[in-house]
Structures are given as C-alpha cells and as structure tokens.
Amino acid sequence: MRIATWNINSITARLPRLLDWLASAQPDVLCLQELKVAADAFPQEPLRELGYESVVSAGGRWNGVAVLSRVGIADPATALPDAPEYEGVVEARAAAATCGGVRVWSVYVPNGREVDHPHYAYKLEWLAALKETAASSAPSPSPFAILGDYNIAPTDQDVWDIALFDGATHVTPAERAALAALEKSGLKEVYPRALKYDVPFTYWDYRQLGFPKNKGMRIDLVYGNAGFDAAVQDAYVDREARKGKGASDHAPVVVDVDV
DNA sequence: ATGCCGGGATGTTCCCGA
C-alpha cells in the first residue's frame, strides 16, 4: 500500500496538479494539508472519478485537511480529541480514517509565527494534544501513523542554514521536545530517501529562488507505531512535484508499506 | 535545469505562510 502526505497550499488552485499527481504516483491513501477551501467547495467529484473517497475537515480560507483513500474509509474523524482553540475556534487541522487496515491521521500543526506570539503557545498546546492521541493509539497492534505538515525541523540539518533560524520558530528545543514526546509515546519517524542532495527537504519558499537553490526545510513528517514501522518498504520525497509553474511550495512525502 | 512569492478574502490591499 502506498501512503503519502502533501501540503498542497489550496486544493482549488492545485486541483489540476493534484489530479495529475494522483494518476501518476498512484497513492492508495493521501493526507492533504492547507486545503484553503470551504466544505461545500471541496472537489469531491473529480476525486471520486479517480476512485478516492475523502474525509474532510475544511476551514475556509485557512487551514483545512483531508484523508483521501481508494482502499476504503472507516471510523472517520475530523478533529483531534481535546484539540485546543485559537481565538475561540477549533481550527481544521486534523482528520483521520482507517484505510485498508491502517489508522491514518492527516495533521497541519500550527505555524507558531514568532516565539513570543500567542500562536507559538498554541502550537505547543496543539502538539500536546497530538501526543495524547499518539499515546492512546501507538500501542495498538494494528499499523497507525500520523502524517502531515508538522512545521518543525527535527534537527539543525533539516533547514538549509541553521544560522538563519536563530531565535525563530520551527527549530526551538520546545518544538523538538514535542517530537521527542511522540517518540516516547511509541512512534518512530519514517525517514525518507533523498532523491537529490543529502537532506530530503519537503518545503522551499516561493521567494528568492528557494527551490533552485535548494534553500529548503524538512518539516513534512511521518510518524508511525511499531506495526507501521515494521511494514515500511520505502519512503521518499517526490521533489519532482515541486518543479514548474503552479506548484505547491511543499513536495509530497511517499511511504510504501507492506500491509 | 527547478528561475527570483502565491493564495484568498477583508478585494485593487492585506493577512498569512515558514
């Protein structure tokens, strides 16, 4: 089974590229983030024509996540249990489904903006809620994984120049401690192959030739429980999808599992 | 080569992303 995650930065703007990518990469399950679409504008029909059912948590202009599956959907969820609110709202940042026997979460972790911004405290609260979900599901003998845009670079090597991130979000000890907490809960990161260069970045800013100069970040991550990790056959970042006009600023992470 | 930001609403400007 092929499972992938991709921050597509607007499913409306990206629909032609999304449909092309589904047809060529042939994932069985795809976790999407940053849909930037209202629930009633989610493109169910063209996805259904390619054989995909969807669990959608749509937030309108911002956020929005989904799980697409062509191997069935059971026990759908459209929010993280005990998800914290931001400015009085539970944002559309998590969706889950059991697809072909694998429990899959698609998550869009809050950005944090600046370390002294309320959004950063919210980010850490959100990650604490995510850890609770991880801790309750990781012991399951069935494969379980949380895929998505974590907005955290796990190590200093996961950004193109750590010196430029002094005092910035995405690299702080507290954020990395949240990833360590997921591992303590029984999850392990699935590290993708690099198809080019040493570090498999997943995001490159649109500005200042970020992609051609490979000024990227590795922030789209896959964490799985023991059953999932044991089933992994291959994993890679499909940087081809970042090329050309009309690309998302993120590339998909693809994981092949033998389940 | 992959080429100098893009998306969407509050709309012709602003907020957000990381």
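Residue numbers begin at 1 in each chain, while the letters A, B, ... track the order of the sequences. Bear in mind that the values here come from a model prediction, so they are computed numbers and not experimental data.
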Sort me out a list of protein N/O and nucleotides 15-17 of chain B N/O pairs below 3.5 Å, or just none if empty.
| residue | atom | partner | partner atom | Å |
| --- | --- | --- | --- | --- |
| B/dC15 | O2 | A/R61 | NH2 | 3.4 |
| B/dG17 | OP2 | A/R113 | NE | 2.8 |

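For A/E85, the salt bridge (charged side-chain N to carboxylate O under 4.0 Å, His left out) test picks out no residue, with sequence neighbours left out. Residues passing the side-chain contact (heavy atoms from CB on, under 4.5 Å) test with A/K213 are A/L209, A/K215, sequence neighbours excluded.
As a whole-Å value, the separation of A/L195 CG from B/dT2 P is 15 Å. The CZ-C1' distance, from A/R242 to B/dG6, rounds to 10 Å in whole Å. In this structure, the CD atom of A/E175 is 11 Å from the C1' atom of B/dA18, given to the nearest Å. In this structure, A/F211 atom CZ and B/dG6 atom P are separated by 14 Å, rounded to whole Å. One interatomic measurement links the two molecules: CD of A/Q208 to P of B/dG6, which rounds to 13 Å at whole-angstrom precision. As rounded to whole Å, 10 Å separates atom C1' of B/dT2 from atom CG of A/N214. When rounded to the nearest whole Å, the span between CG of A/L35 and P of B/dA9 equals 13 Å.
When each of A/V190, A/L147, A/T202, A/N7 is checked for a side-chain contact (heavy atoms from CB on, under 4.5 Å) with A/V253, only A/T202 meets the rule.
B/dG6 and B/dG11: their P atoms are spaced 23 Å apart (whole Å). Annotation: B/dC5 and B/dA18 have their C1' atoms spaced 13 Å apart (nearest Å). Taking atom C1' on both nucleotides, B/dT12 is separated from B/dG7 by 15 Å, rounded to a whole Å.
Within the nucleic acid shown, A/Y197 comes within 4.0 Å of at least one base atom, counting heavy atoms only. A/R14 comes within 4.0 angstrom of sugar-phosphate atoms only, judged by non-hydrogen atoms across all strands, and of no base. Contacts of A/T169 with the nucleic acid, taken as non-hydrogen atoms under 4.0 Å apart, are absent. Using a 4.0 Å heavy-atom distance criterion, A/K196 is classed as a base contact.
A residue-by-residue look at A/V109 and A/S10 shows that A/S10 has its nearest nucleotide of DNA chain B further toward the 5' end. The residue among A/R239 and A/A38 whose nearest nucleotide of DNA chain B lies closer to the 5′ end is A/R239.
Not a single donor-acceptor contact under 3.5 angstrom links the side-chain atoms of A/K245 to the base of B/dT2.
We find that A/K123 and A/E175 are joined by a salt bridge, their nearest charged nitrogen and carboxylate oxygen being less than 4.0 Å apart.
Heavy atoms from other residues, nucleotides or ligands lying under 6.0 Å from CG of A/D198 number 12 at most.
Relative to the ring axis of A/F144, A/R103 does not place its NZ or CZ within 45° and under 6.0 Å from the centre.
If you look at A/Y223 and A/Y150, their ring centroids are closer than 6.0 Å.
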